[in-house]
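Naming: A, B, ... by sequence-line order, numbering from 1 per chain.
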2 protein chains.
Amino acid sequence: MHDHAGTHAEAGCHGHHRPEEALARAEAVCRARDLQFTRLRRDVLEVVASQARPLGAYDIAERLSGPGKRVAAVSVYRALDFLTENGLVHRIASRNAFVSCGHTHTDGAGLVFLICRNCGSIDETTSPEIEDQLGRTLAKAGFKPSSRILEVEGECGACLGRPAED
Amino acid sequence: MHDHAGTHAEAGCHGHHRPEEALARAEAVCRARDLQFTRLRRDVLEVVASQARPLGAYDIAERLSGPGKRVAAVSVYRALDFLTENGLVHRIASRNAFVSCGHTHTDGAGLVFLICRNCGSIDETTSPEIEDQLGRTLAKAGFKPSSRILEVEGECGACLGRPAED
DNA sequence: TTGCGCGCTGATACACTGTAACATCATGCG
DNA sequence: CGCATGATGTTACAGTGTATCAGCGCGCAA
């Protein structure tokens, strides 16, 4: 069994995020699906991907705005809709916020979000075993799933190792 | 007005909701913990427990209001805070809504919410296996959990059996 | 009994999250 | 060019949740 994909960065709360990587993947996806990877969508993704913590839509709008340039929240929402539909960002329901997707899987891989209540960072992992068990549980209940969310709040390894450093 | 009680909800997805049961359990819990099970809290729980579908705070406020009696949403929120803290209702993050807890477990039993996108009902189940696997996954990630949510959206067995009944 | 503390509720205001509706702009295409 | 389509800008608004302060009820101590 292989220890899951490349989250080497999981060591730290500020697990370094690579906007370039996310952007490159987004470009590839959009090209493959013949979708427009517009400036706004790129900017939104870049902002989200540059943070280890989830950002609210209004946060993003604020970061994209500046003197003389104002980005309305509604535009951000539209971009986020596009990005989530294409698996490039995820919505964290328990926070009403968004993070960039660290993997390539679009869906159905037992995705788990680990939200640190101390440093606020989000780590993303997967567990085929959980997915498997969940599938069995749902089948037993006669339930046909179409989407699922699994979010865990607690303390990340880094914060446990050196509490309250920030 | 809203569709009160009967229209669909109970029709097929889940027949049995026992406000009395939830109320009795709430009384027991409050007595055991020396907490006040006030009128408002009781009313809120009763409304929530009477529905198979999750209710928003404003829905609850509306149902509790009537000619000459107005219950503000903020009061409902406070009651809901109390009820959730004591494991009597659960918040459904993906819906911004609340359902009464059907079990006695307060937390940590692999709780899974099954939300039917057709009839809107919520079913609650548990899976020790999922809980177990999740614990292992979290341990491997060096993450110490304090709370978790697992919500699945899809179609419930009843709706699969006879789709689009109403 | 009164006075006080404390928790619950009422009420207003406000912040945050998300959507509807419509105008505008760019692009591609016959 | 004229038109269709999709993305964005803009305003307004609905839905969700919180802050704050005031009043109320109830137990408890003096």
Listing, residues 132-141 of chain A side-chain donor-acceptor contacts under 3.5 Å, not counting sequence neighbours, or none:
{"from": "A:Asp132", "atom 1": "OD2", "to": "A:Arg136", "atom 2": "NH2", "distance (Å)": "2.2"}
{"from": "A:Thr137", "atom 1": "OG1", "to": "A:Gln133", "atom 2": "O", "distance (Å)": "3.0"}
{"from": "A:Thr137", "atom 1": "OG1", "to": "B:Ser127", "atom 2": "OG", "distance (Å)": "3.4"}

Atom-pair distance ([atom1] on [X]; [atom2] on [N]), nearest Å:
{"X": "B:Asp81", "N": "D:dT16", "atom1": "CG", "atom2": "C1'", "result": "13 Å"}
{"X": "A:Asp43", "N": "D:dG9", "atom1": "CG", "atom2": "P", "result": "10 Å"}
{"X": "A:Arg91", "N": "C:dC16", "atom1": "CZ", "atom2": "C1'", "result": "12 Å"}
{"X": "B:Arg33", "N": "C:dG7", "atom1": "CZ", "atom2": "P", "result": "18 Å"}
{"X": "B:Phe82", "N": "C:dG7", "atom1": "CZ", "atom2": "P", "result": "13 Å"}
{"X": "A:Gln36", "N": "C:dT27", "atom1": "CD", "atom2": "C1'", "result": "8 Å"}
{"X": "B:Leu83", "N": "C:dC8", "atom1": "CG", "atom2": "P", "result": "12 Å"}
{"X": "B:Leu35", "N": "D:dC26", "atom1": "CG", "atom2": "C1'", "result": "16 Å"}

ask   = Going by side-chain heavy atoms closer than 4.5 Å, which hydrophobic residues are tied to A:Ile149, directly or by a chain of links?
value = B:Ile149
Can you name the atoms? Protein N/O to nucleotides 9-13 of chain C N/O, anything below 3.5 Å, with the distance.
{"from": "C:dT9", "atom 1": "OP1", "to": "B:Thr38", "atom 2": "OG1", "distance (Å)": "2.5"}
{"from": "C:dG10", "atom 1": "OP2", "to": "B:Ser75", "atom 2": "OG", "distance (Å)": "3.0"}
{"from": "C:dG10", "atom 1": "N7", "to": "B:Arg78", "atom 2": "NH2", "distance (Å)": "2.6"}
{"from": "C:dG10", "atom 1": "O6", "to": "B:Arg78", "atom 2": "NH1", "distance (Å)": "3.2"}

inquiry  = With a 4.0 Å limit, can you tell me whether A:Asn96 has a side-chain N or O closer than that to the phosphate oxygens OP1/OP2 of D:dT16?
reply    = no
remark   = Ranking D:dT18, C:dT19, D:dA7 by distance to the side chain of B:Tyr77, first place goes to D:dT18
message = Do B:Leu23 and B:Leu83 land in one hydrophobic cluster if side-chain heavy atoms of ILVMFWY residues count as linked below 4.5 Å?
response = yes
query = Could A:Glu131 and A:Arg148 be called an ion pair, given the rule that one side-chain N must be under 4.0 Å from one carboxylate O?
reply = yes
Test: B:Asp43 and B:Arg39 ion pair at under 4.0 Å = yes
request  = Verify whether one side chain among B:Ser147 and A:Glu153 offers a donor that lies under 3.5 Å from an acceptor in the other.
outcome  = no
